[in-house]
Amino acid sequence: MVDIAPRTKQTDSAKTDSAQRATSPKADATGDPARGTPTAGTDREVRIDVDLLAEHLLGRWAEDRRISRRLVLDPALHKTEGLGTIEHRQRAFEQLQVLVDAGAIQRPYPVELGGQDNHGGNLAAFEELTTADPSLQIKAGVQWGLFGSAVHHLGTARNHDEFLPGIIRFDVPGCFAMTETGHGSDVQSIATSATYDPDTQEFVVHTPFRGAWKDYIGNAALHGKAAVVFAKLVTQGVDHGVHAFYVPLRDDDGEFLPGVGGEDDGVKGGLNGIDNGRLHFDHVRIPRTNLLNRYGDVAEDGTYSSPIDSPGRRFFTMLGTLVQGRVSLDGAAVVAQKIGLQIALTYAMERRQFPTGGGTEGVLLDYGRHRRRLIPRLATVFAQSFAHEQLLRTFDDVFSGRLDTPERREDLETQAAAFKSLSTWSALDTLQECREACGGAGFLAENRLTSLRADLDVYVTFEGDNTVLLQLVGKRLLTDFRKKAPRDAASTAKFVAAQVGAKLADASGIRRLGQTVADRGSLAASVTDLRDGATQRTLLAGRVETMVAEIGMRLNTAGKDRARAAQQLNRSQHELIEAARAHAELMQWDAFTAAIDEVPEGDTRRVLVWLRDLFALGLLEQHLDWYLVHGRLSAQRARAVSASIDRLVARLRPLVPQLLDTFGYEPGHVRAPIALGEERARQEEAAAWFAAERAAGRLPEQEKKPRP
């Protein structure tokens with residue numbers, strides 16, 4: 001869990017601010033507006049070290065990302081827009097074999113099975129498949145990130161030897177059958193059972209009613225030959241909770257085996273290369289050894305044993321081993337946003353519309369509203385990139401075994417839930433804004449934005465519904481709060497008052513900051529204050545602490561009355577989710593700041609600070625009502641937030657081409673005509689025609705001449 005206490009180390013904001021003031025924009029001149037060419041004597045002389053920043057964005061597993069990016073330049077892996085569902089499913093299925101043949105899926109598996117034990121690199125490479133086709137990324141994720149990973153992490157050597165070779169080679173396409181129609185995120189309440197029969201040494205897998213059918217399961221409708229099925233393990237009359245079982249589904253002809261049935265989910269809102277479907281089981285018998293038995297086993301006589309005594313802890317430990325799905329969705333959402341922004345911003349630098357003061361048409365990105373809608377989202381995706389890199393490192397620490405402690409696993413689960421929620425929601429928002437910013441061209445399938453938006457839509461609800469995931473984050477925050485707070489109501493009230501009153505107002509300097517604005521009374525001074533990293537963190541962390549403290553105090557009034565406590569928690573659910581979002585935003589800010597600390601002094605670091613400041617100020621602007629109501633910002637300072645954003649957006653505008661270059665995506669990754677020269681060619685053709693006609697005197701006289 002990331003501490004919300006003030007950081008002891010900040011970036012050199014003061015030095016950067018002085019440099020910013022020395023080079024602040026004199027106007028909105030843009031040099032060549034189509035390219036954002038720097039104009040002498042302004043900020044536009046700033047030059048980013050593109051290679052340095054690109055390497056920074058690639059992160060620890062840079063080479064794994066490069067290998068994957070080279071692979072997905074193969075047109076055989078690209079999505080064909082407009083392809084029918086049947087054809088798209090077949091294409092995605094065949095693409096998985098391309099990945100196998102290229103050696104692209106072995107990274108996370110044990111060395112003895114041809115793998116590399118490279119867990120962070122596996123997810124880093126896997127996320128880049130999004131540039132080819134999100135259906136490919138998710139279908140590969142179902143096969144090796146869910147089905148294969150469940151066998152790997154929930155099974156033992158006997159399961160690995162029997163099942164993993166066929167999964168890795170793709171001889172056995174598979175499914176991850178956890179979700180039920182009647183229970184989505186509430187896995188603990190699923191109804192499918194696996195009852196042990198000691199006479200035959202078999203488990204009997206059964207779905208007792210329609211709501212217990214496994215639903216929305218990737219590969220279930222058509223391709224899956226086997227599944228890891230999550231079911232209640234029952235032996236000797238005792239329900240030992242949810243466990244995972246390897247269950248064969250189909251024969252070599254693709255027909256369901258006896259007792260197994262299912263349906264096709266049909267056409268979906270996106271990701272139609274994946275054959276999602278439903279599965280049900282009518283007393284299907286499987287060998288005792290098909291139980292994935294790392295966390296629970298059944299002897300031949302039916303005796304149950306587990307290395308974890310607590311059923312609750314056992315359940316959450318098993319689910320924790322499957323957290324990589326959330327981690328990879330966070331990364332994939334970041335990749336999709338980078339592609340969307342590269343398309344929309346490139347188009348905005350080339351598309352001309354409406355006469356400017358000089359009479360020529362201006363490029364879209366030089367209009368204040370247009371850059372205001374896109375450039376702040378560019379700052380956000382940088383924040384998400386650096387946060388995701390930290391998440392990948394936490395994931396690799398745990399799954400490599402280097403730092404596999406209960407505390408580190410809890411941190412991993414909290415970060416994954418928080419970042420996956422924010423990045424997938426952000427992906428929908430960003431891709432929609434990019435689509436609208438490109439007008440009619442953005443609505444054409446060939447320019448990919450509508451397709452990416454549709455495919456990413458379901459990311460917000462699978463591998464954990466975002467709202468539910470943020471509740472988990474919020475409960476972790478409350479748990480940490482309770483560890484610090486006294487147990488009796490009277491002492492708790494005093495503790496919370498001290499937290500809110502003294503710590504936030506005095507120790508963190510919020511009251512003093514408010515007085516600074518009042519004393520100085522200058523909008524320019526307020527802008528400078530808000531660009532200070534310590535001020536930003538104080539405001540962001542203070543919001544989290546206050547929200548959690550308010551909820552914690554309310555819950556503690558229930559004392560030991562569990563029914564009342566549950567009622568209070570339900571009433572506080574909206575606020576708890578908002579607190580969790582605020583905490584996730586703070587973690588992203590911290591990750592961004594830590595990334596800046598690793599960059600040497602110079603223009604690249606300066607630009608990263610500008611982007612970090614824009615990200616932070618965007619959060620303040622988004623939550624201005626809270627800061628004003630709680631007295632954390634004066635009206636003067638609140639006005640300075642938007643003024644600061646406008647200045648930063650103008651400062652960053654000419655740097656957009658360099659910033660896009662740091663993403664490192666080639667035309668074969670982008671594959672949108674409006675971002676690959678089509679619009680520029682149209683503009684050049686039009687300009688050449690008008691120039692030729694004007695020179696030849698063939699242009700008609702205008703009825704109303706413009707004023708000189």
Side-chain angles (χ1 to χ4, degrees), residues 100 103 105-123 142-178 194 196-198 200-203 205 224-231 233 235 240-249 285-309 313-325 395-406 408-409 412:
V100 174
I105 55 87
Q106 288 85 356
R107 289 182 182 88
Y109 294 108
V111 175
E112 58 269 23
L113 292 174
Q116 303 170 10
D117 277 327
N118 180 4
H119 303 280
N122 174 60
L123 291 194
V142 170
Q143 176 67 19
W144 296 292
L146 292 177
F147 178 50
S149 182
V151 173
H152 184 191
H153 295 295
L154 297 180
T156 57
R158 78 179 190 197
N159 306 127
H160 297 168
D161 294 342
E162 184 174 0
F163 303 129
L164 276 181
I167 294 172
I168 295 172
R169 292 193 304 264
F170 197 44
D171 296 336
V172 183
C175 309
F176 183 81
M178 176 185 283
Y196 184 64
D197 180 354
T200 62
Q201 295 187 29
E202 294 174 317
F203 284 100
V205 181
K225 290 186 176 181
V228 170
V229 176
F230 287 79
L233 189 158
T235 183
H240 291 280
V242 177
H243 288 64
F245 302 82
Y246 185 96
V247 182
L249 299 177
R285 290 180 171 269
I286 59 173
R288 177 181 66 88
T289 53
N290 280 27
L291 167 66
L292 304 183
N293 65 332
R294 179 177 178 183
Y295 296 107
D297 203 2
V298 174
E300 292 181 3
D301 65 357
T303 303
Y304 179 81
S305 61
S306 172
I308 303 175
D309 292 332
R313 190 159 62 88
R314 184 190 312 134
F315 170 74
F316 286 109
T317 300
M318 284 192 288
L319 289 193
T321 63
L322 305 172
V323 72
Q324 69 180 27
F395 172 79
D396 193 70
D397 285 345
V398 170
F399 277 70
S400 68
R402 285 191 305 273
L403 288 173
D404 189 5
T405 64
R408 194 63 168 164
R409 279 188 175 267
L412 172 60

*Measuring from I168:CD1 to Q143:CD, what's the distance to the nearest 0.5 Å?*
10.0 Å
*Check step by step if ring pair (Phe, Tyr, Trp, His ring centres under 6.0 Å) holds for F315 and Y295.*
CA-CA 9 Å; F315 170 74; Y295 296 107; over 10 Å; no
*Can you list every pair that meets side chain to side chain donor-acceptor pair (under 3.5 Å) and has a residue in residues 147-156, with sequence neighbours left out?*
S149-Q324, T156-N293
*Work out which heavy atom in D397 is nearest to a heavy atom in S400; give both atom names and the distance.*
O-OG, 3.4 Å
_Just to verify, what does A226 make a side-chain contact (heavy atoms from CB on, under 4.5 Å) with, not counting sequence neighbours?_
F147, V172, Y246
*Between Y196 and E300, is there a donor-acceptor pair closer than 3.5 Å when you use the side chain of the first and the backbone of the second?*
yes
_Give me the atom names and distance for the closest heavy-atom approach of V398 to L403._
CG2-O, 4.0 Å
*With sequence neighbours left out, what residues match R285 under salt bridge (Lys or Arg N to Asp or Glu O under 4.0 Å)?*
D197, E202
*Report yes or no: does R314 contribute a side-chain atom to a donor-acceptor pair with the main-chain N or O of D309 at less than 3.5 Å?*
yes
*Could you walk me through whether D396 and R402 pass the side chain to side chain contact (heavy atoms under 4.5 Å, CB included) test, one step at a time?*
CA-CA 8 Å; D396 193 70; R402 285 191 305 273; 2.6 Å; yes
*Verdict with reasoning, F399 to L123, per side chain to side chain contact (heavy atoms under 4.5 Å, CB included)*: CA-CA 12 Å; F399 277 70; L123 291 194; over 6 Å; no
*Is the H243-Y304 ring centre distance short of 6.0 angstrom?*
yes
*Can you tell me if R288 uses its side chain to pair, donor with acceptor, with the backbone of V298 under 3.5 Å?*
yes
_Taking every non-hydrogen atom, the tightest pair across V142 and C175_ = CG1-CA, 4.4 Å
*Is F245 close to N290 at the side-chain level, that is, under 4.5 Å between some pair of heavy atoms?*
no
*Nearest-0.5 Å distance that lies between atom OG1 in T317 and atom CZ in R294*: 9.5 Å
*How many angstroms lie between CZ in F395 and CG in N122, if you round to the nearest 0.5 Å?*
7.5 Å
*Among F176, F170, Y109, which one satisfies ring pair (Phe, Tyr, Trp, His ring centres under 6.0 Å) with W144?*
F170
*Is it the case that R158 places NZ or CZ above or below the six-membered ring of F163, under 6.0 angstrom from the centre and within 45 degrees of the axis?*
no
*What's the shortest heavy-atom distance between G114 and Q106, and which atoms?*
O-CB, 3.7 Å
*Provide the closest heavy-atom pair for T235 versus G302 in the form atom of the first, atom of the second, distance.*
OG1-O, 2.6 Å
*Write down the atom of N159, the atom of V151, and the distance for their closest heavy-atom approach.*
O-CG1, 4.1 Å
*Is any side-chain N of the basic residue among K225 and D171 closer than 4.0 Å to the acidic one's carboxylate O?*
no
